[in-house]
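Heads up, the thing below is written out as structure tokens.
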Amino acid sequence: MHEVGLIQTVLNEISQVAAQNHITRVTKVRLVIGRLNGALPDVLEFAFSVLTPETMFEGAALEIESVPITLECERCGTQTVTDELAYFCPQCSGRARVAGGRELYIDFFEGDDGKDEREGGNGPEDPAGQ
């Protein structure tokens, strides 16, 4: 169950970037996970739900984009999206290489500095008073 370690690493990375940008509360995290990576989205979501209470991530949404396996034929250049790893091109039977599906990265996160909640407002005030 390496997903707990993956999510902990994601939380640590985002926490560092958030601190550098004065973000005190994270509301959304989006990850991109290739099918060949081996990380299971359901387990990642479970790990996120277990690790985030009483942190800056509490209540944050986790979105996971699952990237399919993409093969590229070394002979004819055909790209094939598949659910299973294959070593040969379905078009010409040439040797295929993996061109996609190994990804694992933080696409983006959203958050704020928490001032709206402390001040009881609904966002920045309009300087023109309108």
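What you see is a predicted model; the values in this text were computed from it and never measured. The basis for the numbers below is simple: all heavy atoms, side chains too, and nothing from hydrogens, waters or symmetry mates.
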>> When you compare the side chain of D83 with that of R35, does any pair of heavy atoms fall below 4.5 Å?
In response: yes

>> Could you walk me through whether I14 and F57 satisfy the side chain to side chain contact (heavy atoms under 4.5 Å, CB included) test, starting with their C-alpha distance in whole Å, then the side-chain angles of each, then the deciding distance to 0.1 Å, before giving a yes or no?
In response: CA-CA 10 Å; I14 292 174; F57 299 91; 3.6 Å; yes

> So with a 6.0 Å cut-off around CZ of F108, is the heavy-atom count from everything else above 12?
Replying inline: yes

> Taking E3 for the side chain and L40 for the main chain, is one N or O donor matched with an acceptor at less than 3.5 Å?
Replying inline: yes

>> Run Y105 and I33 through side chain to side chain contact (heavy atoms under 4.5 Å, CB included) and show every step you take.
In response: CA-CA 7 Å; Y105 61 88; I33 310 286; over 6 Å; no

> Can you name the nearest heavy-atom pair linking M56 to A18, along with the distance?
Replying inline: CE-CB, 3.7 Å

>> Any non-hydrogen side-chain atom of L31 less than 4.5 Å from a side-chain atom of I7?
In response: yes

>> Using only atom types and a distance under 3.5 Å, with no angle test, would you say the side chain of T24 pairs donor to acceptor with the backbone of D113?
In response: yes

> Run the side chain to side chain contact (heavy atoms under 4.5 Å, CB included) check on L51 and Q8 step by step: do they pass?
Replying inline: CA-CA 7 Å; L51 294 173; Q8 187 61 60; 3.8 Å; yes

> Between L36 and L85, does a side chain to side chain contact (heavy atoms under 4.5 Å, CB included) hold up when you go through it step by step?
Replying inline: CA-CA 8 Å; L36 284 174; L85 184 59; 4.3 Å; yes

>> With a 6.0 Å cut-off (strictly less than), is the heavy-atom count around CZ of R30, excluding the residue itself, greater than 12?
In response: yes

>> Quick check: closest heavy atoms across A99 and E72, and the distance to 0.1 Å?
In response: CB-CB, 4.0 Å

> With a 4.5 Å heavy-atom cut-off, do F46 and V4 have their side chains touching?
Replying inline: no

>> Between E74 and R97, does any NZ, NE, NH1 or NH2 come within less than 4.0 Å of an OD or OE carboxylate oxygen?
In response: no

> Partners of D42 by salt bridge (charged side-chain N to carboxylate O under 4.0 Å, His left out), sequence neighbours excluded?
Replying inline: none

>> Applying side-chain contact (heavy atoms from CB on, under 4.5 Å), can you list everything that pairs with T27, at least two apart in sequence or on another chain?
In response: R25, E110, D112

> If Ile, Leu, Val, Met, Phe, Trp and Tyr residues are connected whenever their side-chain heavy atoms lie under 4.5 Å apart, and connections chain through other members, are I69 and I64 in the same group?
Replying inline: no

> Are V81 and L71 linked, directly or through other ILVMFWY residues, by side chains that come within less than 4.5 angstrom of each other?
Replying inline: no

> Under 4.5 Å between any side-chain heavy atoms of R75 and R95, yes or no?
Replying inline: no

>> Just verifying a value: how many Å separate Q91 CD and C73 SG, rounded to the nearest 0.5 Å?
In response: 9.0 Å

> Does L104 belong to the same Ile/Leu/Val/Met/Phe/Trp/Tyr cluster as V32, with side-chain heavy atoms less than 4.5 Å apart forming each link?
Replying inline: no

> Roughly how far, to the nearest 0.5 Å, is the OG1 atom of T9 from the NE2 atom of H2?
Replying inline: 10.5 Å

> Does atom CD of E84 have more than 12 heavy-atom neighbours from other groups under 6.0 Å away?
Replying inline: no

